Amino acid sequence: MQNQVTIKKRHVTLGEFIIENQKDFPYAKGELSALLSSIRLAGKMVNQEINKAGLANILGSSGDENVQGEQQQKLDVMANDLFISTLHNRGEICGIASEEMDDYVEFNEELHKDAKYVVLIDPLDGSSNIDVNVSVGTIFSIYRRISQQGEKVTREDFLQPGHKQVAAGYLVYGTSTMLVYTTGHGVNGFTYDPGIGSFFLSHPQMTVSNKGRIYSINEGNYVHMPEGVKKYIKWCQELDPATQRPLTSRYIGSLVADFHRNLLKGGIYIYPRGTKSPQGKLRLLYECNPMAYLIEQAGGKASDGHTRIMDIKPGELHQRVPFFCGSREMVEKAEWFLEQYPG
Ligand code: AHM
Ligand code: MG
């Protein structure tokens with residue numbers, strides 16, 4: 001008879017981790033934990049749809065444009081609906097703003113009357129990559145409302161600077177699906193096991209190196225770039241005296257995937273302003289603020305080339321900003337070039 005058992009190492013699930021870390025919020029009564037669990041659930045559903053994207057008739061354009069005049073993909077619409085419905089069906093938030101919708105949505109039912117939080121979301125970032133089977137992601141950002149609890153949510157609840165975020169994160173639907181998030185106590189990453197249907201802690205306390213070796217930028221836009229960015233790119237392409245190699249260029253064109261790689265390996269992601277996009281392409285509220293919160297929590301830096309991203313006071317929901325994000329020394333070097341070569 002066998003009388004010995006080999007006890008396997010305990011794997012922490014995302015659910016367990018959220019509950020265990022609830023104590024980091026002395027004022028919280030569990031609503032934020034419940035909200036993160038709702039995002040986890042919606043993420044699983046979107047993951048399920050994306051995994052079968054090549055089989056079902058859900059690839060391609062929906063035929064509509066979003067508020068910024070960009071073609072919406074069918075999966076953009078599906079991910080947007082899934083996140084909004086899942087969060088609406090639970091009582092943790094009083095409203096949501098999405099990159100895919102013109103305006104924010106109020107949640108006004110009895111269920112939401114005690115809600116303290118609002119969510120801002122890019123439900124499917126990099127969606128132009130789906131048809132070619134490249135990683136895409138979901139980006140989310142959570143704030144405490146500033147309007148009175150029990151009243152209707154207001155625009156000001158959504159237009160808060162990034163340093164007011166209480167949590168932010170992303171799901172990357174890649175080779176494996178991961179959920180990476182912060183509540184201001186470091187950054188933790190969880191990998192999805194589809195067989196079990198759970199996320200497990202796989203990347204505890206993620207940090208980004210101070211010096212990275214990867215630069216990520218759409219160099220096809222070179223002619224439109226500010227002089228300082230052009231000079232920075234040329235600097236990246238020079239031989240590094242320490243290694244006798246230039247830096248490595250990597251650009252997927254899917255912010256979540258580019259960010260995730262640079263977080264793990266060290267690097268900088270840049271989407272500058274250009275003559276075609278005077279304010280850059282990326283949205284302050286749905287993309288830049290949550291990524292800035294994550295990178296700062298991991299020890300890195302995010303700015304618009306001059307100002308800390310999380311100190312910018314948003315003026316409107318779909319505001320765009322230039323974005324420089326990643327390893328601290330790389331972002332500072334790029335900022336130095338912008339200062340030396342204004343214009
Ligand atoms: P999206 O939110 O419409 O998908 O656009 C954002 C995406 C980012 O994921 C990516 O980094 C960037 O746009 C790529 O833009 P470009 O093709 O101009 O390089
Ligand atoms: Mg996006």
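One-based numbering along the sequence shown. Read the numbers this way: they start at 1 and go in the same order the structure lists the ligands and their atoms. Computed from a predicted model, the values in this text were never measured in an experiment.
For the pair K44 and Y192, the cation-pi criterion (under 6.0 Å, within 45° of the ring axis) is not fulfilled. Geometrically, K231 engages Y341 in a cation-pi contact, judged by NZ or CZ lying under 6.0 Å from the ring centre and within 45° of the ring axis.
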Determine whether D304 and R273 satisfy the following criterion, salt bridge (Lys or Arg N to Asp or Glu O under 4.0 Å), listing intermediate values before the conclusion.
CA-CA 9 Å; D304 67 356; R273 64 175 175 80; over 6 Å; no
Going through the distances and angles, do K234 and E238 end up as a salt bridge (Lys or Arg N to Asp or Glu O under 4.0 Å)?
CA-CA 7 Å; K234 289 295 163 211; E238 280 168 16; over 6 Å; no
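In summary, R155 and E316 do not engage in a salt bridge, as defined by a charged side-chain N under 4.0 Å from a carboxylate O.
Using a 4.0 angstrom heavy-atom cutoff, Y286 does not count as in contact with ligand 1. In this structure, D122 is part of the shell of residues with a heavy atom less than 4.0 angstrom from ligand 1.
Against a heavy-atom cut-off of under 4.0 Å, R283 is close to the following atoms of ligand 1: 2 (O), 5 (O), 6 (C). Counting the atoms of ligand 1 from 1 in the order shown, those under 4.0 Å from a heavy atom of G253 are 9 (O), 10 (C), 11 (O), 14 (C). For ligand 1, the atoms lying closer than 4.0 Å to a non-hydrogen atom of Y251 are 11 (O), 12 (C), 14 (C), 15 (O), 16 (P), 19 (O). Every atom of ligand 1 with a heavy atom of E99 under 4.0 Å away is listed here by number and element: 1 (P), 2 (O), 3 (O).
Any N or O atom pair closer than 3.5 Å counts here, and L282 shares no such pair with ligand 1. Among the atoms of D258, none of the N or O lies under 3.5 angstrom from an N or O of ligand 1. The distance criterion of under 3.5 Å between nitrogen or oxygen atoms is met by L255 with respect to ligand 1.
Remark: side-chain polar atoms of D193 are not paired, donor with acceptor, to backbone N or O of S198 under 3.5 angstrom.
The OE1 atom of E99 and the OD1 atom of D125 subtend an angle of 150° at the Mg ion (ligand 2), given to the nearest 10 degrees.
Inspection of the T248 and Y215 side chains reveals no N or O donor paired with an N or O acceptor under 3.5 Å.
Grouped with I196 in one hydrophobic cluster are F200, the linkage being side-chain heavy-atom contacts under 4.5 Å among Ile, Leu, Val, Met, Phe, Trp and Tyr residues.
Distances from the Mg ion (ligand 2) to each N, O or S atom of D122 single out OD2 as the nearest.
Under 4.0 Å from ligand 1, the heavy atoms of N218 that appear belong solely to its side chain.
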